[in-house]
Peer 1: 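Please read through the structure below; I'll follow up with questions.
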Number of protein chains: 2
Amino acid sequence: MFSYLCAMALKKSYDLLESTDPWICVASKLALSIRTVSAIYRKHLKAHNVTMSQLSLLMIVGKHKFLPQSEIGKKLMLERSTVTRDLKRMIERGYFVKKYDKSRPVIYITDKGASYVESIIPDWKAATEEAKAKLGEDGEQALNLVLHKLTK
Amino acid sequence: MFSYLCAMALKKSYDLLESTDPWICVASKLALSIRTVSAIYRKHLKAHNVTMSQLSLLMIVGKHKFLPQSEIGKKLMLERSTVTRDLKRMIERGYFVKKYDKSRPVIYITDKGASYVESIIPDWKAATEEAKAKLGEDGEQALNLVLHKLTK
DNA sequence: GAAAACATGTTGTATATACAACATACGGGT
DNA sequence: ACCCGTATGTTGTATATACAACATGTTTTC
């Protein structure tokens, strides 16, 4: 008998599609990679109610104590509007304050923000260790090479 | 004179934060990597008004002609609700149709969808070539290793 | 066969992200 | 002093994504 799971009759054949391997795609490989790694980090960070994007902001501003907003976008390679809105949430929660220098915003970490990130760091390290364990030594070196080649 | 760009007086020091290197983070490395690669793909795909996520759906369903919705999520490692909504857009645009087999949705590519993806493939290949050129042969192998380790 | 467990799909909500359009400010050149 | 180009920030809009809660249907257990 015919299953309901039969191909709808397409009007013609699509040879280019059929001869193309979607998995050679660099973007797809990275997308799959980051989904698995993100899941690891989310699991470890869940109790802190923080995301990796937010933690990146906390760490990068925290390490410098303050940073011009424009620098944050450059260091994390984020679009300007993304930075505006990601910071907005963190400012509302009291982790950062925004001051102005010659009409340009400068982002300062607060004591609340610094304490918060310090409370998160141990679990972030655990997540990093779990991810590294999955990668192995060679996988970690490989990731470093990929990042270097792409951002060089 | 003192610049306006001076650190706000934090009430205490944050040694753990200061001694921590944010850039050892596996998730951050992958996030930076995918941002650079995504930009390459967006540039090449811009004229087709398609995103990499959409193109992945088109290719994976197109290669199989039809796929149970649950399989799509497994292959792309996407959450169920994400699949529901990503597909919804593509169905509305007429690239897929949704039929039901024992009350479970099965996604079929349409002629419109198959023609569309074939029209995109050349530019997608060009994007892939540009990304591979940036990676180099060693970087490409490194990326394959990273993906393999993470998804094995 | 009924109840419990499991798998799958959808909707509500929050976050992250980019691009376009616009606003604003700064710096140079005249 | 003024204009112009560049850099930067914000808002509008669209997409992508995950989790929680719920609904539904299937499978397993007894």
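Small disclaimer: the values here were computed from a predicted structure and weren't measured. Protein chains get the first letters and strands the later ones, always in sequence-line order, with residue 1 at the start of each.
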Peer 1: Identify, between Ser103(B) and Glu71(A), the residue whose nearest nucleotide on DNA chain D lies closer to the 5' end.
Peer 2: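 On the 5' side of the pair lies Glu71(A).
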
Peer 1: In terms of side-chain geometry, is the basic nitrogen of Glu130(A) or Lys43(A) positioned less than 4.0 Å from the acidic oxygen of its partner?
Peer 2: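 Yes, charged N to carboxylate O under 4.0 Å.
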
Peer 1: Hey, does Leu87(B) have a side-chain heavy atom less than 4.5 Å from the side chain of Gln69(B)?
Peer 2: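 Heavy-atom side-chain distance check passes, below 4.5 Å.
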
Peer 1: What is the separation between atom CG on Leu78(B) and atom P on dT10(C), rounded to the nearest whole Å?
Peer 2: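 Rounded to whole Å, this separation is 15 Å.
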
Peer 1: Between Tyr41(B) and Thr128(B), does any side-chain donor sit less than 3.5 Å from a side-chain acceptor?
Peer 2: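 Their side chains do contain a donor-acceptor pair, which is all the 3.5 Å distance test asks for.
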
Peer 1: With a 4.0 Å cut-off, would you call Lys65(B) and Glu18(A) a salt bridge?
Peer 2: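 Looking at Lys65(B) and Glu18(A), the cut-off is met.
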
Peer 1: For the CG atom of Leu147(A) and the NZ atom of Lys152(A), what is their distance to the nearest 0.5 Å?
Peer 2: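 Interatomic distance, Leu147(A) CG to Lys152(A) NZ, rounded to 0.5 Å: 11.5 Å.
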
Peer 1: Regarding Ser81(A), tell me which of base, sugar-phosphate or nothing describes its non-hydrogen contacts under 4.0 Å with the strands shown.
Peer 2: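 The answer is base, as Ser81(A) lies within the cut-off (heavy atoms under 4.0 Å) of a base atom.
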
Peer 1: Determine: side-chain N/O of Arg85(B) to OP1/OP2 of dC19(D), distance under 4.0 Å, yes or no.
Peer 2: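 No.
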
Peer 1: Measuring from atom CZ of Arg89(A) to atom OG1 of Thr84(A), what distance do you get when rounded to the nearest 0.5 angstrom?
Peer 2: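 Here the interatomic distance stands at 11.5 Å.
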
Peer 1: By a strict heavy-atom criterion of less than 4.0 Å, which residues belonging to residues 47-59 of chain B are in contact with DNA chain D?
Peer 2: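 Contacts with DNA chain D under 4.0 Å: Thr51(B), Ser53(B), Gln54(B).
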
Peer 1: Let me know the distance between CG of Leu76(B) and P of dA16(D), rounded to the nearest Å.
Peer 2: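 For the pair Leu76(B) CG and dA16(D) P, the rounded distance is 12 Å.
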
Peer 1: Can you tell me if the side-chain N/O atoms of Lys98(A) get under 4.0 Å from OP1 or OP2 in dT10(D)?
Peer 2: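 Answer is yes, contact under 4.0 Å.
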
Peer 1: Taking the basic N atoms (NZ, or NE/NH1/NH2) and the acidic carboxylate oxygens, is any pair closer than 4.0 Å for Lys88(B) and Glu92(B)?
Peer 2: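 The answer is yes: the pair qualifies as a salt bridge.
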
Peer 1: Of all the nucleotides listed (dG25(D), dT10(C), dC26(C)), which has the minimum atom distance to the side chain of Lys102(A)?
Peer 2: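 Closest nucleotide to the Lys102(A) side chain: dC26(C).
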
Peer 1: What does Lys46(B) touch in the nucleic acid at a heavy-atom separation under 4.0 angstrom: a base, only the sugar-phosphate, or nothing?
Peer 2: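 Touches sugar-phosphate only.
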
Peer 1: For Met77(B) and dC19(D), what is the distance between atoms CE and C1' respectively, to the nearest whole Å?
Peer 2: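 Rounding to the nearest Å, CE of Met77(B) and C1' of dC19(D) are 18 Å apart.
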
Peer 1: State plainly whether the residues Lys149(B) and Asp138(A) are in salt-bridge range, i.e. N to O under 4.0 Å.
Peer 2: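 Counted as a salt bridge, because a side-chain N and a carboxylate O are separated by less than 4.0 Å.
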
Peer 1: Would you please confirm or rule out a distance under 4.0 Å between OP1 or OP2 of dA16(D) and any side-chain N or O of Thr82(B)?
Peer 2: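 No, no such contact exists.
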
Peer 1: If you assign each of Arg80(A) and Pro105(B) to its closest nucleotide in DNA chain C, which residue comes earlier from the 5' end?
Peer 2: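 It is Pro105(B), whose closest nucleotide lies nearer the 5' terminus.
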
Peer 1: Check whether any side-chain nitrogen or oxygen of Arg104(A) sits under 4.0 Å from OP1 or OP2 of dA7(D), and answer yes or no.
Peer 2: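 No, Arg104(A) has no side-chain N/O under 4.0 Å of OP1/OP2 on dA7(D).
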
Peer 1: How many whole angstroms separate atom CD of Gln69(B) from atom P of dA7(C)?
Peer 2: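 Answer to the nearest Å: 17 Å.
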
Peer 1: Once you round it to whole Å, what is the distance between P of dG9(C) and CG of Asp101(B)?
Peer 2: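 One finds 11 Å between P of dG9(C) and CG of Asp101(B), rounded.
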
Peer 1: Respond yes when some side-chain nitrogen or oxygen of Arg89(B) is under 4.0 Å from OP1 or OP2 of dA16(D), and no when none is.
Peer 2: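 For dA16(D), OP1 or OP2 has a side-chain N or O of Arg89(B) closer than 4.0 Å.
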
Peer 1: Using atom CD1 of Ile40(B) as one end and atom C1' of dA18(C) as the other, report the distance to the nearest whole Å.
Peer 2: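 To the nearest whole Å, that distance equals 16 Å.
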
Peer 1: Using whole Å, report how far CD of Glu79(A) lies from P of dA16(D).
Peer 2: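 Between P of dA16(D) and CD of Glu79(A): 17 Å.
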
Peer 1: Does Thr84(B) reach a base, just sugar-phosphate, or nothing at all? Heavy atoms under 4.0 Å.
Peer 2: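 Base contact - Thr84(B) has a heavy atom under 4.0 Å of at least one base atom.
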
Peer 1: At less than 4.0 Å, is any side-chain N or O atom of Lys74(B) found next to OP1 or OP2 of dT8(C)? Yes or no.
Peer 2: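 Answer yes for this pair, as a side-chain N or O of Lys74(B) is under 4.0 Å from OP1 or OP2.
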
Peer 1: Between atom NE2 in His44(B) and atom C1' in dA18(C), what is the gap in whole Å?
Peer 2: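 Computing the His44(B):NE2 to dA18(C):C1' distance gives 17 Å.
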
Peer 1: For Arg42(A) and dC19(D), is the shortest distance between a side-chain N/O and OP1 or OP2 below 4.0 Å?
Peer 2: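 So the side-chain polar atoms of Arg42(A) do come within 4.0 Å of the phosphate oxygens OP1 or OP2 of dC19(D), strictly under.
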
